[in-house]
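Everything below concerns the one structure shown next.
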There are 4 protein chains.
Amino acid sequence: MQFHIDASSPVPLYAQLERTIRAAIAAGHLREGDRLPTVRHLAVELRINANTVARVYAELERAGILTTQRGVGTSVRDPAAIAKPARERERSLRTLADRLLADAAAIGISLPEVIRHLQERSKETR
Amino acid sequence: MQFHIDASSPVPLYAQLERTIRAAIAAGHLREGDRLPTVRHLAVELRINANTVARVYAELERAGILTTQRGVGTSVRDPAAIAKPARERERSLRTLADRLLADAAAIGISLPEVIRHLQERSKETR
Amino acid sequence: MQFHIDASSPVPLYAQLERTIRAAIAAGHLREGDRLPTVRHLAVELRINANTVARVYAELERAGILTTQRGVGTSVRDPAAIAKPARERERSLRTLADRLLADAAAIGISLPEVIRHLQERSKETR
Amino acid sequence: MQFHIDASSPVPLYAQLERTIRAAIAAGHLREGDRLPTVRHLAVELRINANTVARVYAELERAGILTTQRGVGTSVRDPAAIAKPARERERSLRTLADRLLADAAAIGISLPEVIRHLQERSKETR
DNA sequence: GTGGTCTAGACCACG
DNA sequence: GTGGTCTAGACCACA
């Protein structure tokens, strides 16, 4: 499993990491019972502070997504814990889209243009 | 001209304000030569500190978008300063879309679903 | 006599005006007894506020350089009032040069380069 | 690294600080990767408010000259970002020289005299 | 009245 | 500990 982090991004490192782990699980790249890298390994690999990794693991454990066993390591506990109820899911998507559209409008890019761009990317991925 | 700000958003007030002003100009609601509200008026209206407004005006002036005349006020200088060259525009859009897709993936929402959502909103607006 | 003002300059209008009037007198373009434009004429010509012109005339009158006669107008009173004692003159020059060199250094331009540039301009003027 | 500030100067503190930092980088006293003092340290040292220092660092970061790592500190990112293209460099120098000559003329100091003064200073420095 | 600068001090995000 | 954001309020420069 490869996670990646952009140190020059304004998005906090911990948020980037949490996001990519959640995405990996949501996409099925990591399944129930799969082991994650140790805190130290991942910290070295991503060249970030081990505290930051530990904080993310702890956060995801609190959310019921990961589980940690002392002396063993951290693994995926419940991928379903990511799935939000449809209603909240919809609300989150709306919020994300709001932000995108606001930022796009600020540089003069309209909704149709955004859609066109995403459709292009959709084709590329196929 | 109406700008709006969400004090409960994690996005800094100054960033929200800058974004809405840029959007108003990009959309043609504010044109070259149009006056903006005074720093103090806008601060009162948005219930934020005058320094925060002043900071945004100063930033937009540095970007060549607004101009200030001492003791007079602030007005739109060059709407074109917002328009980026096509190449950079495309890059910005890609960056914004990347962010959206990363966040969406983290809660298990896929690209097609994002597109569907945006198309729905596009219809609503018509 | 032509004075000029740059409204987009960060230098205050009154300071620009005072400077050009002083320079015209120092250079001998305006001599003792010469009349200056009326406050209103100059204001219209330069497209600035009449108060600003009046303020400059008043300032120069206080300095003993101009004199105003009610119903008549403003004229040059004493060109010599501009000439500073050699010591202060030297100090002023040093201060001005300090500022120039500091600003030049900030964009990576060194003293010899500044001198070369001024010598070029000296030739052009001849 | 020593920066200095003159609180009695009419030039805004933040502008003085920005200028000296730029000069230090342009002169090679600070190189790529070098750490700058922390915001609070520098504020104490210069006896100015920490916000003022932070403002300067932020401005230089926006200019691409410095870079900030969250919770770590501020360092030089790209000294080349200061170097302007020759054309603009020339224009800047001309603007600075214009200002100097205008101010000098206003106290009756001519171009040759300015050049003589700068040559004197050039000798002193050797 | 306008905007510009600076301060003191709070609270937050981050590592 | 680092920097980032925001506030309240002072004082100045300018028209």
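Computed from a prediction, not measured in an experiment: that's the story for all the values here. Each chain gets a letter, A, B and so on, in the order its sequence line appears, and its residues count up from 1.
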- When the distance from OH of B:Y57 to P of E:dT5 is rounded to whole Å, what number comes out? 16 Å

- Query: Rounded to the Å, how far apart are D:L42 CG and F:dT2 P?
  - Reply: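 Result: 12 Å.
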
Which nucleotide in the set [options] lies at the smallest distance from any side-chain heavy atom of [X]?
X: A:L13; options: E:dT7, E:dG3, E:dG15; answer: E:dG15
X: C:Y14; options: F:dG3, E:dC6, F:dA15; answer: F:dA15
X: B:N49; options: F:dG3, F:dA8, F:dC6; answer: F:dA8
X: D:H41; options: E:dC6, E:dG15, F:dT2; answer: F:dT2

- Item | Pairwise 5' ranking along DNA chain E for A:V11 and B:V72, keeping only the more 5' one |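 Closer to the 5' end of DNA chain E: B:V72.
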
- Message: Need to verify one output field. Residue with the more 5' nearest nucleotide on DNA chain E, B:R70 or D:G71?
- Response: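 Whichever sits nearer the 5' end wins; that is B:R70.
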
- Any salt bridge between A:R62 and A:E59, counting N to O under 4.0 Å? yes

- Message: Heavy atoms only, 4.0 Å cut-off, all strands: where does B:R35 land among base, sugar-phosphate and nothing?
- Response: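 Since no nucleic acid heavy atom lies under 4.0 Å of B:R35, the category is nothing.
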
- Task: Indicate, with a heavy-atom threshold strictly under 4.0 Å, whether C:I48 touches base, sugar-phosphate, or nothing.
- Result: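 No contact at all - C:I48 keeps every heavy atom at 4.0 Å or more from the nucleic acid.
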
- Query: Can a donor-acceptor pair under 3.5 Å be found between the side-chain atoms of B:N51 and the base atoms of E:dG3?
  - Reply: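 Answer is no: no donor-acceptor pair is held.
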
- Mark yes or no for a side-chain to base donor-acceptor pair under 3.5 Å between D:R40 and F:dG1, with no hydrogen or angle criteria applied.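 Side chain to base: no pair present.
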
- Message: Tell me the closest heavy-atom pair linking C:V56 and C:Y14, and the distance in Å.
- Response: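 What the structure gives for the nearest pair is CG2-O, 3.4 Å.
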
- Message: Reading DNA chain F from 5' onward, which residue's closest nucleotide shows up sooner: B:Q69 or D:T68?
- Response: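 Taking each residue's closest nucleotide, the earlier one in sequence belongs to D:T68.
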
- Message: Please confirm whether the shortest side-chain N or O distance from D:R55 to OP1 or OP2 of E:dT5 is below 4.0 Å.
- Response: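 Result: yes.
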
